[in-house]
Amino acid sequence: MNPETHPLLQSLNAQQREAVTASEGPLLILAGPGSGKTRVLTHRIAWLLSERQLPAWQIMAVTFTNKAAREMRERLTRMLGRDAALEMTLGTFHATCARILRRESERAGLARDYVIFDTDDQLAVMKAVVSELGLDDKRYRPGSLLNAVSRAKNELVLPADYPRRTYYDELVARAYARYQERLRQSSGLDFDDLLLETVRLFRADAETLEKYRRRFRAVLVDEFQDTNIAQYTLLRLLTQEHRHLYAVADEDQSIYSWRGADYRNIQRLREDFPELRQILLEENYRSTQIILDGAMAVISRNLDRTPKRLFTRKAGGLPVTLHESYDEREEAQFVAREVRALRRGGVAYGGMAVMYRTNAQSRALEESFVNEGIPYRLVGGTRFYSRKEIKDLLAYLRLAQNPDDDVSFQRVVNVPPRGIGQRTLETIGAQAREGQTSLYRAMVALLAQGTLDGRTRRALEPLATLIQSWHAARETLSVGQLMDRLLSESGYGAYVQSQVDEVERKRGESRWENILALRAVAEESAGVTLSDFLTEVALVADVDQLDESVDAVTLLTLHSAKGLEYPVVFVTGLEEGLLPHSQSLDSPQELAEERRLLYVGMTRAQERLYLTYAFRRGWYGNNQPAAPSRFLDDLPDEVLGRARRGKTVRPTGSWGASAWSREATPAPPPRPAVAPRFRAGQRVRHARYGEGVVTESAVEGDDEVVTVRFKDSGIGFKKFVAGMAPLEPLSEH
DNA sequence: AAGGATTGCTTTTTT
DNA sequence: AGCAATCCTT
């Protein structure tokens, strides 16, 4: 075999070749943006299949999105000219676990017909738990409790093991336990359960673990830096025997720590697999030198990272455009005008993307795109699958699959109105609690008892009969056929068609059309079982739906931009409080993540990069002045195409309002060395968290980082950048 | 039980 | 500003 002429290795650089042909031990590829890491991963799989003669079904490859998985499968098919890759286990962690749990439901102690609960469903369950436990939902927000539960699950902590260091912890633990009980009562699994239950299964059942260890002779993971502990544990369990683990990572693109992703997994990998081989991919094939320079200037200010020497052969390039506008409307107009100009210059709409920190920012952009007649495609926002009518229809489908799904039951029990009101529901609920069973079963039991009054019985009986008949029909009918039956027999179809309101008209979208769209999705996946259909629908992200066939500008959050690339990229809203987001200003770790977020956005651009910010920005209702993002300070003048430029100067100790100005000083004064303001033992007050005691203060770079233990034990320890946090001393010390 | 009006609250990012 | 939860009326 000659590496120069081997068809799989042609057009790969030396490092990439090494990564593709490496021996079958643990390997970590540290890749920069645009270094072709997904390509390397694909070639590696093709290599294993063709050169190592590994059967496809023995390969497990995990990607971050379903879209990435689909693209990889398509590429493999093209490269190998056959469907060898079809038998491969390829998809996200969640999808892979969902499949394993479906197959091993009995051994895992789960219902075969389990349904996946999405964020809305989780919230509904947690709300019920909070009221059942008699907690104040202001003080114990269902959302925050879910956060805590999710964090625990990602770290494989079960309710019984939940650390109860404070009273708040105690309540979280109780809520967690009740939440799990309710979930299981409904035969439901939330996203985190998919991972957690798979790990539990493998840990508890040596035989099953052995089966999957033998099955997956090679395990490959993309975006390894964004794995959480549960996912890492899963990888370790599967590979610690044969040690054929292949991970691709870029620390600088780790942007999901809020979801439990733990960049320390890279370190764990090095410890758990001491023989780990590491390969660096430093050549960037995507961006011009100038864009890369700008991005590196931003990211290199982060501490705790492996410095990389990224380079590209696309020397020079157009300077990065930095644009200030008065408010978000003008910013949107600027973007729209540039888009039109670029279009006239020959750039396809599909080659342009506009990125922002929060979904709410898309509104102004959409408006000006509509005004200018520019076609666009919105990723995220109100996701298709979280629209009311879609959720309603899915709830009917879920009931057909699993009548015990209480969340779905409650959702549609009286939609359309069937005369089943609060009182009736309470009766059913009481019966369910008493019999430790689901609402549906309780309803059936009540009907059988014959104790209900005539009117209630006449309301409930048809529904009970319908659910039962749908459940019975679910395996003989196709998903599309079942949907048709549901829509007509439940009266929901007619109900939606009769409910066309003004607001809908204006937005030019109709609920009925959305329902038809979902029906079309079902028709497309002909031959798919109801349970697979529901699983698929629950686990798709919006990026997955990206339809590239229409020529339109893409509008998306920085988070969903990961893994994508466009000739022209606009990163908008580069303001203090937005990027970095105000929720992140308190903690150095989160601040570093905000920086990485900008880095991800910038490195999506191939040819042309725009960075924009506004002088004022509307935050729910009122309009507030904003300061340009601190990250902009790190862009060298050369990148912006200026010989020299005014520096943005911010008064220390405040990021407030209009307290910034532009000076035409060629050389801005160096930041003064930081003199620590706080000392250990000092009492302080934080605007949000109240009183506490400083336990540590250290100067890191230009910042003073203080650790505070708060009085309110529910808060515990927090780290702040002293100059940025609303923190004031209460005592000398 | 259903629909409409009022209040109060919120926004980070998503598999 | 927009939306959900809550109150109020029929």
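Each chain gets a letter, A, B and so on, in the order its sequence line appears, and its residues count up from 1. On a predicted model such as this, the values are computed, not experimentally measured, just so you know.
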Checklist entry - Which of residues 252-261 of chain A have a heavy atom under 4.0 Å from DNA chain B? => result A:Tyr256, A:Trp258, A:Arg259
Checklist entry - Are OP1 or OP2 of B:dT14 and a side-chain N or O of A:Thr119 less than 4.0 angstrom apart? => result no
Pairs under 3.5 Å (N/O, protein and nucleotides 5-8 of chain C):
| unit_1 | atom_1 | unit_2 | atom_2 | d |
| --- | --- | --- | --- | --- |
| C:dA5 | OP1 | A:Lys127 | NZ | 2.7 |

Next on the checklist: Under the rule for side chain to side chain contact (heavy atoms under 4.5 Å, CB included), what residues qualify as partners of A:Ala128, not counting sequence neighbours?
Outcome noted: A:Arg182
Checklist entry - Which part of the nucleic acid, if any, lies within reach of A:Thr424 when heavy atoms closer than 4.0 Å are counted: base, sugar-phosphate only, or nothing? => result sugar-phosphate
Next on the checklist: Please verify the inter-ring angle class for A:Trp258 with A:His559; under 30° counts as parallel, over 60° as perpendicular, anything in between as tilted.
Outcome noted: perpendicular
Checklist outcome for this item: By side chain to side chain donor-acceptor pair (under 3.5 Å), A:Thr63 pairs with (sequence neighbours left out) none
Checklist entry - Starting at CD of A:Gln122 and ending at P of B:dT15, how long is that distance when rounded to a whole Å? => result 13 Å
Checklist outcome for this item: A:Arg151 meets the side chain to side chain contact (heavy atoms under 4.5 Å, CB included) criterion, sequence neighbours left out, with A:Asn147, A:Glu155
Checklist entry - Between A:Leu564 (CG) and B:dT14 (P), how many Å, whole number? => result 13 Å
Item to check | Whole angstrom value for the distance that separates C1' of B:dT11 from CZ of A:Arg363 | outcome: 12 Å
Can you pull every protein N or O that's under 3.5 Å from an N or O on nucleotides 2-5 of chain B?
| unit_1 | atom_1 | unit_2 | atom_2 | d |
| --- | --- | --- | --- | --- |
| B:dA2 | OP1 | A:Gly419 | N | 3.2 |
| B:dA2 | OP2 | A:Asn414 | ND2 | 2.8 |

Checklist entry - Under the side chain to side chain contact (heavy atoms under 4.5 Å, CB included) test, which residues partner A:Glu71, sequence neighbours left out? => result A:Lys67
Checklist entry - Taking the side chain of A:Arg423 as heavy atoms from C-beta outward, which of B:dT15, B:dA1, B:dT13 is closest to it? => result B:dA1
Checklist entry - A:Glu575: what forms a salt bridge (charged side-chain N to carboxylate O under 4.0 Å, His left out) with it, not counting sequence neighbours? => result A:Arg617
Checklist entry - Would you say a side-chain N or O of A:Thr65 is under 4.0 Å from OP1 or OP2 of B:dT15? => result no
Checklist entry - Residues in side chain to side chain contact (heavy atoms under 4.5 Å, CB included) with A:Ala148, at least two apart? => result A:Tyr162, A:Val172
Next on the checklist: OP1 or OP2 of B:dT14 versus the side-chain N and O atoms of A:Asn359: is any pair under 4.0 Å?
Outcome noted: yes
Next on the checklist: What is the distance, to the nearest angstrom, from the CG atom on A:Leu597 to the P atom on B:dT14?
Outcome noted: 10 Å
Item to check | side-chain contact (heavy atoms from CB on, under 4.5 Å), paired with A:Leu611, selected from A:Thr572, A:Leu579, A:Val571, A:Val569 | outcome: A:Val571
Checklist entry - With sequence neighbours left out, which residue pairs that include part of residues 413-426 of chain A fulfil the salt bridge (Lys or Arg N to Asp or Glu O under 4.0 Å) condition? => result none
Item to check | Whole-Å gap separating C1' (B:dT14) and NE2 (A:His94) | outcome: 10 Å
Checklist entry - In whole angstrom, what separates A:Lys67's NZ from B:dT15's C1'? => result 16 Å
Next on the checklist: According to side chain to side chain donor-acceptor pair (under 3.5 Å), who are the partners of A:Arg616, at least two apart in sequence or on a separate chain?
Outcome noted: none
Item to check | With sequence neighbours excluded, residues passing side chain to side chain donor-acceptor pair (under 3.5 Å) with A:Arg268 | outcome: A:Asp262, A:Asn265
